[in-house]
Structure formats: structure tokens, C-alpha cells
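FYI, side chains are in, hydrogens and waters are out, and symmetry mates aren't considered; it's all heavy atoms of this structure. Sequence lines set the chain letters: A, B, ... in the order given, protein chains first and strands last, and positions in each chain run from 1.
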2 protein chains.
Amino acid sequence: MTRSSATAARLDSASGLVTTRERWPGDTLARVDQADRGNGPCGHCDLGTLAFCDGFARRTVTSLMRVQCTLRFEAHDTLFREGDTGVAVFNVVSGAVKVYKLMPDGRRQITGFFFRGDMFGFCLDGDYAYTAEAVTPLSVCRLPMQRLHELSETAPEVQHRILLRMTAKLAQFHDHVLLLGRKTARERVATFLLALSERARRRGDPASPIPLAMGRVDIADYVGLTVETVSRTMTAFKREGLIDLPSPNHVAIPDTQALRAASDGSA
Amino acid sequence: MTRSSATAARLDSASGLVTTRERWPGDTLARVDQADRGNGPCGHCDLGTLAFCDGFARRTVTSLMRVQCTLRFEAHDTLFREGDTGVAVFNVVSGAVKVYKLMPDGRRQITGFFFRGDMFGFCLDGDYAYTAEAVTPLSVCRLPMQRLHELSETAPEVQHRILLRMTAKLAQFHDHVLLLGRKTARERVATFLLALSERARRRGDPASPIPLAMGRVDIADYVGLTVETVSRTMTAFKREGLIDLPSPNHVAIPDTQALRAASDGSA
DNA sequence: GCTATCAGTTGATCTGTATCAAGTGAACCC
DNA sequence: GGGTTCACTTGATACAGATCAACTGATAGC
């Protein structure tokens, strides 16, 4: 069984731009960078149309700006832990996050990866049900749940957008439950790679030589296998010409249809 | 691999109270019973505080009443199928529902069971991501998504309540993904039984001799095992005194702590 | 340059659960 | 009352993927 490596909490006070407006889980790890500017509606990120606040009325954006907070983390930093009081949602500006649950004996299940434009940390008056950890150097936009809730009284579009994100996440979970409950190792790995590829395509990035932000262990803990099986399966795919591995962290998909067939047993 | 039995579509025109206000997926199967009365805020069900509309302002309840629809189904009836256009959410008034996804070769994964007071079918301008089927004779309250959305413009509490339900569902999915990805057969079955028991307790029903609305095949397709393994595991639990089976469809839990220990490998 | 570390890969073996097959008992029907 | 059906159980065997172990190559530190 897979055991999680302990996450070392590291203090980073080297940044010249740190200002702390309030206390929140993980704040000792975060660097608040007020100098961030970009093409996001509120000017605090460069997410453009991927930004949570994109398309909102001017005054809604202004309200969000006031409570928003841009945080930076290094790979392996923990944003919050399972059981922490859930006070904020996060939008990934750059980098990748994994969220996972641990069992008493150390077995770990990663329940989601989040990339640029993704939102995570939904939690209404309760504790976070999982731990969130940076996979790569990370920049996130943090929105306090309480403020978001207050705001949505007057701006229903805010709540509606959250609803949209959650609906999409629910649909994703249905797929992932199918993967974990009924798919073979080959199907799992194929499905995972395809999902990454399709996500890239939807975002306008090249769909084929896709970068793998996460290591083999993380992939294994996500698709419910061991590292060894993930590794063997990817080697097998390479041997069969289903994928190419220019480097361990880059996967090329020469024939999407073939990989898709491998992802649901129709091949 | 588990194969789903074909669901026989049955027409039931024997009811004297059928009135069809509009067309919707599965309407040929449903009986609309306008005569239902109860203690629910809108008078159309007896869910009491479990009702979706419980606690809403008078005029909100009135709006919901007008678009609400109470439907009845028999066991094995299909409410909607994966790929159908998602036009409504459902609240279970009585009985049980399972939702599942199928693979091309017939493998099936049940992604959720829904009981009295539960809400399912969330789907914002898209298709249902799964099929919903009655496990027992069923009564549901149907709410058109579009109307719900319109209503939430003026009544934010509606959207907020949906958000609450979805957040709870998301948390449940995290648990289920952990179960499917990392738990052993014993742990899966123990977790499943405990969840049913705790649900009953939360609802004020007796937590111990819990009725199993679903058959062994459905349990297997939910926890990602085969019928045989579920059956063997339950027999083993009985032999070890972890549970008792007064009938195949009733489970007594003499020692919750012991079963809990079995549910995460701490025993 | 030498060593340590760490991610990934590959090989040999073991095992938990699936698969295949048959048996039991309750409910239903003619 | 005898047969059919269907859900569940039990037994024997097979196998996919886990486990244990070793190897490779890249990166970092001194």
C-alpha cells in the first residue's frame, strides 16, 4: 500500500512583498504578493476569461477584489489540511495542486488535481474534507467563503458561477468513481492521460505533447494503483505505440482514438 | 465483470390520478399524483423539515409549488438516462433511487443511492451524466432546473440550499473515491454498512437493524466489487460477530466501534 | 570527480479478488 | 404440489495487480 511522505512545513520569509491582512490556515507558508498584475478582471491575476470573476458586473468585481488575496506556495507546501475549518475557496492562477485524503495507516487517495483556472476548497460551514498540497510552485487567488456568501445575496451571478463549477466537479467525480470502481489498470492510465490531453485542448494548449506536472506516485494515488503498475502500463503503451515519452514528464499521444479505445476496453 | 440487466420499460396506465402537465424524460413511466398531501411546506409531500422548500419564505414556497410535480415509479423504472437533457432535479419523498454509469461492454458503476429527503439530478445546461433508476417503489418531487434558476435570482436562499446539498454530495464523493481507490473488500463493505447506519441515525431512525433497500448486486456495483465478494464478506462479518443478518435485507450492528475499526483497517 | 539521493523502471513472486460453477431456499404460478 | 425463478451463498480455481527487490540515470552536494 502506498504511504504518503510527510510534508515538511517550511517557513519562507525571504519575500520582500509579504503583507498579511488576516490569519488563515497555511498562512505561515504563503507569500502574499500584492504586486501581481495581469489581464484578469480585477487586475490581480492574468487568468483572463478563466478568472472566477470574469464577466461579473463592475461593482461585483470590485467587491471581490477587496476580499481577494493572491498567495504563492512552493511545491510540497500544504495549503490546508483535512479537518481544518473551511474558510476560503481557491482559484489556481498558475501551477498545480493535488487534494487527497489519508487513512490511519498512511494509505493515500488523491481525489483531484487542479490547474490554472480551476477552483477548489468548497466548504460551507464545515471543515475541509481533504488536504490540499502544491504539486509545483503555485500561485492561487484566495476568496473567503463568508464574503462570497454575503456577496451572492445581492449578486446571484456569483452563486450561479459557483454552482456551475460544482456541477462540473460532480460530473467529473462520477467519471472518476467509474474509473476506480470498474476500470482495469490499462483503462485507468489511458483515461487519465486522455483527460489531461482533452483538458489541454479545451484550454487552447497543444493536446499532444502534454506535460505531466505530477510524479508517478501521485498518478498512482489518483487512479488507485501502485507506482509500479503505472510505470509498467505506461511502458507498455509506449511499446505498443499508444503514447510516446520524450521525457518521463512529457507524454505525446500520436493517436487519440486508439488511446480512447484503450480507455474503456473497446480495444 | 458485472453486467447490468436490461431495464424493462413498463407502461402503467392503471392509476386514476394521472395528469400530465408537460413532457419530460421518463414521463411515460411516471404517475403524477395530484392528490398527495402531507406536512411538507408546500403540502405536496410529507417530508417536513427534510423538504427542499422547508423554511423558505411563503412566496418562494408558492413559486416552487407551482412548478413542482410529484411522480411515482415502480422498482426498476428508469427516471432518466445518461445523455438525456438535464431539465429537472428530484427530491426523494419515499423509496430509494440508484444512479449509475455504464461502460460499452456492460460494466456498471453505481455512483450513488438516494433516499427520503435526498436530492439528485443536478445538471446545469447539459446532459445528465448518469442514469437514475428506482430501487424500490418510489415517490419523488420534481423541480424544473430552469424555474429553480429563475427563482434564485430573487430568492438567493434557494441557490444557497442547492449549494449546501451539492457541497455535502462533493464531500461524500471524496469519501467514496477513497473507498474505491484504496480500501480492501472488508473495508468497503464495512464502510458501506456504517454509512447506511449513520444516515439512519441522523434521520432519527434506529441505527441498528437497518433495512437494505438494494440487493447484493447493487451493493457490489456501488463499492466496486463482485456480488460473490460482497456476499462472502458479509458472511464473514456475521461469523465474526461484527454484524447480524436477521434476514438478507436487514443488518444489525451490535458494535459500531468494531465495525468502524474494520472500515479503515485499524482492525 | 565521487557519493548520495531520488524518481522512474524492470523483474520475480505473492495474494486478494474475480471468475466459473454449483447449491440453497423463498416466493410465485399454474 | 411441483416446477420455475430469482436472490443469495458457497466452493474451486485463475489472474490482475500488489509486493518485494534490485537496477538505472539524472541531479545535487562537497
Discussion item. Heavy atoms from C-beta onward define the side chain here; which of D:dC8, D:dA18, C:dT19 lies closest to that of B:Thr226?
Written reply: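 Among the listed nucleotides, the one closest to the side chain of B:Thr226 is C:dT19.
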Discussion item. The side chain of A:Leu225 is closest to which nucleotide in this list: C:dT19, D:dG17, D:dA21?
Written reply: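 The answer is D:dG17, which lies nearest to the side chain.
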Worksheet item: Quick one: which of D:dA18, C:dA18, C:dG11 gets closest to the side chain of A:Thr229?
Response: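 Looking only at heavy atoms from C-beta outward on A:Thr229, the closest nucleotide is D:dA18.
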Worksheet item: With no hydrogens and no angle check, is any side-chain donor or acceptor of A:Ser197 less than 3.5 Å from a backbone partner on A:Leu193?
Response: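 Between the backbone of A:Leu193 and the side chain of A:Ser197 there is no qualifying donor-acceptor contact (under 3.5 Å).
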Practice prompt. Round to a whole Å and report the spacing from NE2 of B:His76 to P of D:dA7.
Written response: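 Distance, rounded to whole Å: 7 Å.
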Discussion item. Rounded to whole Å, please give me the gap between NE2 in B:His250 and C1' in D:dC8.
Written reply: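 Going from B:His250 (NE2) to D:dC8 (C1'), I get 15 Å.
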Item to complete: Indicate whether OP1 or OP2 belonging to C:dG8 is found under 4.0 Å from a side-chain N or O atom of A:Asn249.
Response: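 A:Asn249 to C:dG8 OP1/OP2: side-chain N or O found under 4.0 Å.
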Worksheet item: Would you say the side-chain atoms of B:Ser263 pair up with the backbone N or O of B:Arg260, donor to acceptor, closer than 3.5 Å?
Response: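 Looks like yes, one N/O pair under 3.5 Å.
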Worksheet entry | N/O donor-acceptor pair, side chain B:Arg232 with base C:dT19, under 3.5 angstrom |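 Pair found.
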Item to complete: Find the distance B:Leu245:CG to D:dA7:P and express it as a whole number of Å.
Response: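 The answer, rounded to whole Å, is 18 Å.
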Practice prompt. Rounding to 10 degrees, work out the angle separating the end axes of the helix from C:dG1-D:dC30 to C:dC30-D:dG1 (five pairs an end).
Written response: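 What I find for the helix from C:dG1-D:dC30 to C:dC30-D:dG1 is an axis angle of 30°.
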Item to complete: Determine, step by step, whether B:Phe90 and B:Phe114 satisfy the ring-ring contact (aromatic ring centres under 6.0 Å, His included) criterion, reporting the C-alpha distance in whole Å, the side-chain angles of both residues, the deciding distance to 0.1 Å, and the verdict.
Response: CA-CA 10 Å; B:Phe90 298 84; B:Phe114 297 89; over 10 Å; no
Worksheet item: Whole Å only: how far is the CD atom of A:Glu228 from the P atom of D:dG17?
Response: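 These atoms are roughly 14 Å apart.
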Worksheet entry | Whole-Å distance separating the CZ atom of A:Arg188 from the P atom of D:dG17 |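 It is 7 Å, rounded to the nearest whole Å.
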Worksheet item: Which nucleotide in the list C:dA18, D:dT9, C:dT10 gets nearest to the side chain of A:Ser231?
Response: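 For A:Ser231, the side-chain atoms sit closest to C:dT10.
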Discussion item. In this structure, how many angstroms lie between the P atom of D:dT19 and the CG atom of A:Asp105, rounded?
Written reply: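 Rounding to the nearest Å, CG of A:Asp105 and P of D:dT19 are 11 Å apart.
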Discussion item. Regarding B:Arg199 and B:Asp118, does a basic nitrogen lie under 4.0 Å from an acidic carboxylate oxygen?
Written reply: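 The answer is yes: the pair qualifies as a salt bridge.
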Discussion item. Just the rounded figure in Å: distance from P of D:dT9 to CZ of B:Phe237.
Written reply: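 Those two atoms, CZ and P, are 13 Å apart.
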Discussion item. From CZ of A:Arg182 over to P of C:dA18, roughly how many Å is that when rounded to an integer?
Written reply: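 The answer, rounded to whole Å, is 7 Å.
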Worksheet item: If you check the B:Arg216 side chain, which of C:dC20, D:dT9, C:dT10 turns out closest?
Response: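 It is D:dT9.
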Worksheet item: Have A:Asp264 and A:Ser266 got a donor and an acceptor in their side chains that come within less than 3.5 Å?
Response: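 Side chains of A:Asp264 and A:Ser266: pair found under 3.5 Å.
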Discussion item. Looking at B:Arg182 and A:Asp105, is there a salt bridge between them, counting it only when a charged N and a carboxylate O are closer than 4.0 Å?
Written reply: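 No, this pair does not count.
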Fill in: For A:Tyr100, the option from A:Gln109, A:Arg108, A:Glu133 that meets side chain to side chain donor-acceptor pair (under 3.5 Å)
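That would be A:Glu133; it is the only one of A:Gln109, A:Arg108, A:Glu133 passing the side chain to side chain donor-acceptor pair (under 3.5 Å) with A:Tyr100.
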